[in-house]
Every structure is written in C-alpha cells, then in structure tokens.
2 protein chains.
Amino acid sequence: MEKRVNHIKQQLSAHGYKLTPQREATVRVLLENEEAHLSAEDVYLLVKEKAPEIGLATVYRTLELLSDLQIIHKLNFGDGVTRYEFRAEGAEHHHHHLICLNCGTVDEIMEDLLGPIEHRVETEFDFQIVDHRLTFHGVCHRCKDQVTDPKKLVGSRVT
Amino acid sequence: MEKRVNHIKQQLSAHGYKLTPQREATVRVLLENEEAHLSAEDVYLLVKEKAPEIGLATVYRTLELLSDLQIIHKLNFGDGVTRYEFRAEGAEHHHHHLICLNCGTVDEIMEDLLGPIEHRVETEFDFQIVDHRLTFHGVCHRCKDQVTDPKKLVGSRVT
DNA sequence: CTTCTTGCAAAGGTTTTGCAACAGT
DNA sequence: ACTGTTGCAAAACCTTTGCAAGAAG
C-alpha cells in the first residue's frame, strides 16, 4: 500500500506534479476501494471522512490528473456518472467487466480474452489497436435463479 | 426505406404508440444517417430542417422510446453525449466499434467476433450473457501514417 | 371525452471553470 | 516572488420533467 502510494508519487513528480495531502487522500481512497468502481462523488464522500476540508472540484481535478497520467481509468457503465479504477500495472490492456442487469453488480474478468481477436482486427481492418473496452451485460450467478427472462431486463441502456 | 419506416410504425403500434409526424421525422433522420452515430442534439438539428417546430425534448422522448422498444441502441463513446444507432434486425448482438484516437472517426465491425469468448465467459464465470459492448481504441488506416506514437494519444478517455 | 403527445421552460444532475487565497520552493 | 494547487461558487452541459395546450380516435 505505502509502496503503491509512493510509486504514484513518483509518477506525479516525473511529470512535475506534487502529491499534495488532498491528492494523497484521494489516491488512498481509490486504493482502499479498488474493486468498487467509485464515482467522483463516491470518492469525494470517502475522502471527506479523512480530510473534511477537501472540495469536490479538487477530487475531480485529481481524478482527471490521474487519468491523464494513465494511473487510473475512466469507466462508463451507462448510469450517468463516470467511474474510476486503477490501471493494472504493466498490463497491456485493461480487463473486462460483467454487468448484471438485475442487481447492477459489476464483476471483473482479469484475463485479457481478446488477444486472438485483436490480431484479426489489426490485419483485417488495418486498425492499430491501442486499447479496448469489453463489457458483457447479462445475469450474474447470484441472480440467475430469480430471473426468468433476461431479455426483459435489457430496456434502455447506454454504452 | 419506406419499408423500414413502416416496420417501425408497426413496432410502435404493437406497443400502443403512434408514429406521429415528429416521431417519423426523427426516425427518418436516423435512417438517413445510419452510420453517423448521431447525438440527440445532432438528430434535433437535422429534424429541425424538415420540421422546424419540433422541440428538443420531443427528440429525447422519441429516442428514449425507440431505445425502450429496442429499435435503436444507446452508445457512449466517452465524449459526454449519448449517441444512437439502429439495432441490427434479428442480430443476436450488436456489432463492434473502432474508434480512432487521432481523428475521432468511429468505424464498425459488422461481424460478431465474440462467439467463442462468450461461451467461455458463460461457463467459466457462470454469467448469462444478454448483450455485450466491444470497442477498440487505436489508429485507423487513414491516420496511421501521421501518427508516430499511438500510446501518446490515449490521454484521458472514458469507457 | 379521454388518452397520448408535444413544446416550452424550468429543473436536475454531473462535471468544469474563474478566481482569489494558499503552499512550497 | 513564482508556480502549482485548493475551495468555493458559479457556470456549463446534457438530459429529464411539469404543465398547459394540442391532436386523434
């Protein structure tokens, strides 16, 4: 944990930015809730517990900064807010998400399933891939017993 | 074209809705710009050319209705607005998108590349897939000569 | 009449920005 | 002093909603 905070500090200073107390608090909240896909508001409320004087704008600015430096990723699950998650260190691409249409839970697939497909896309479509996003919408194992017709759940979703 | 408008009219009436002139104008704009991934504002401006009295709210309501009936899909490419595109008739899943980080163009892959992967996900993660979204971010064939380091383009993107 | 639909304006929710104050060097 | 950073409030944005008026059966 300290190690990761320190590493981020180095990444910031390598680009001329400081790890201020506000930024550190924000980073720690993200690290402590790594699986939660927090929104800016979520982060703000959690940071406030440690540093009550922080402003929402600062949280937004910090998240934007971390995103610019590719320390975190912005995610959009179609619910109107941007969510943030750590980028896997050194991973070529980020993982995939499983969104349950019934309970809204977002689970993760940590492997990159797209290797062979990317190769096809690069050659067949002459497109040089830098990153990708893959999301599956469906019914998670926790909900499968209570959902009879998954298609009914689709409704009007974004993304 | 008329055939498709008519089919949509039937889909609406099957659910107790009418194809009003405003809705028809909206549908036609969508049909005439099928590859454009229009935002609500885009649609509004185009519809205004044919039916100047239409209100933006009506466009939003129509798009929401068409989306609820799964006639169109909502898309999010991370630029802050929702975009809309027709659902492929009868296609099990919708196609994939190639987003160029250099010029912003969105191209389409009409095949479903995920068949084998979906099967893996369903069994390995006990997740019943209803739909998916797959987007590749990179450099399109038109831009490849002018982009030296694609990684530099990544910056702060959503989704 | 009754119900659905529309346009307008207002409200809602999220994110960004202007600016003066502050912090660290 | 200088530059980067912060908090607050205001603004900007996209989208939704309330409501009275209109259209259609």
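Each chain gets a letter, A, B and so on, in the order its sequence line appears, and its residues count up from 1.
The two atoms that bring A:A40 and A:V59 nearest to each other are O-CG1, 3.8 Å, heavy atoms only.
What separates CG of B:D79 from P of C:dT15 is a distance of 14 Å, to the nearest Å. Residue B:K9 contributes atom NZ, which lies 16 Å from atom C1' of C:dC4 at whole-angstrom precision. To the nearest angstrom, P of C:dT15 lies 11 Å from CG of B:N76.
Distances shown here put every side-chain N or O of A:Q22 at or beyond 4.0 Å from the OP1 or OP2 atom of C:dA23. OP1 or OP2 of C:dT6 lies within a sub-4.0 Å distance of a side-chain N or O belonging to B:T20.
Under the ring-ring contact (aromatic ring centres under 6.0 Å, His included) criterion, no residue pair touches residues 8-27 of chain B, with sequence neighbours excluded. Counting only residues at least two apart or in different chains, salt bridge (Lys or Arg N to Asp or Glu O under 4.0 Å) contacts with residues 26-37 of chain A comprise A:E2-A:R28, A:R4-A:E34, A:E24-A:R28, A:E32-A:K50. Counting only residues at least two apart or on different chains, the ring-ring contact (aromatic ring centres under 6.0 Å, His included) pairs with a member in residues 29-57 of chain B are B:H37-B:F77, B:H37-B:H97.
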Can you give each donor-acceptor pair under 3.5 Å made by side-chain atoms of residues 119-130 of chain A, sequence neighbours left out, with the distance rounded to 0.1 Å?
{"residue": "A:R120", "atom": "NE", "partner": "A:E124", "partner atom": "OE2", "Å": "3.1"}
{"residue": "A:R120", "atom": "NH2", "partner": "B:E111", "partner atom": "OE1", "Å": "3.0"}
{"residue": "A:E122", "atom": "OE2", "partner": "A:I129", "partner atom": "N", "Å": "2.6"}
{"residue": "A:T123", "atom": "OG1", "partner": "A:H119", "partner atom": "O", "Å": "3.2"}
{"residue": "A:T123", "atom": "OG1", "partner": "A:R120", "partner atom": "O", "Å": "3.2"}
{"residue": "A:D126", "atom": "OD1", "partner": "B:K144", "partner atom": "NZ", "Å": "3.3"}
{"residue": "A:D126", "atom": "OD2", "partner": "B:K144", "partner atom": "NZ", "Å": "3.0"}

Along nucleotides 9-25 of chain D, 5' to 3', which nucleotides get a B, which get an S, and which get a -, given that the test is a protein heavy-atom distance under 4.0 Å?
-----SBBBB-------
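Qualifying salt bridge (Lys or Arg N to Asp or Glu O under 4.0 Å) partners for B:R61, counting only residues two or more places apart in sequence or in other chains: none.
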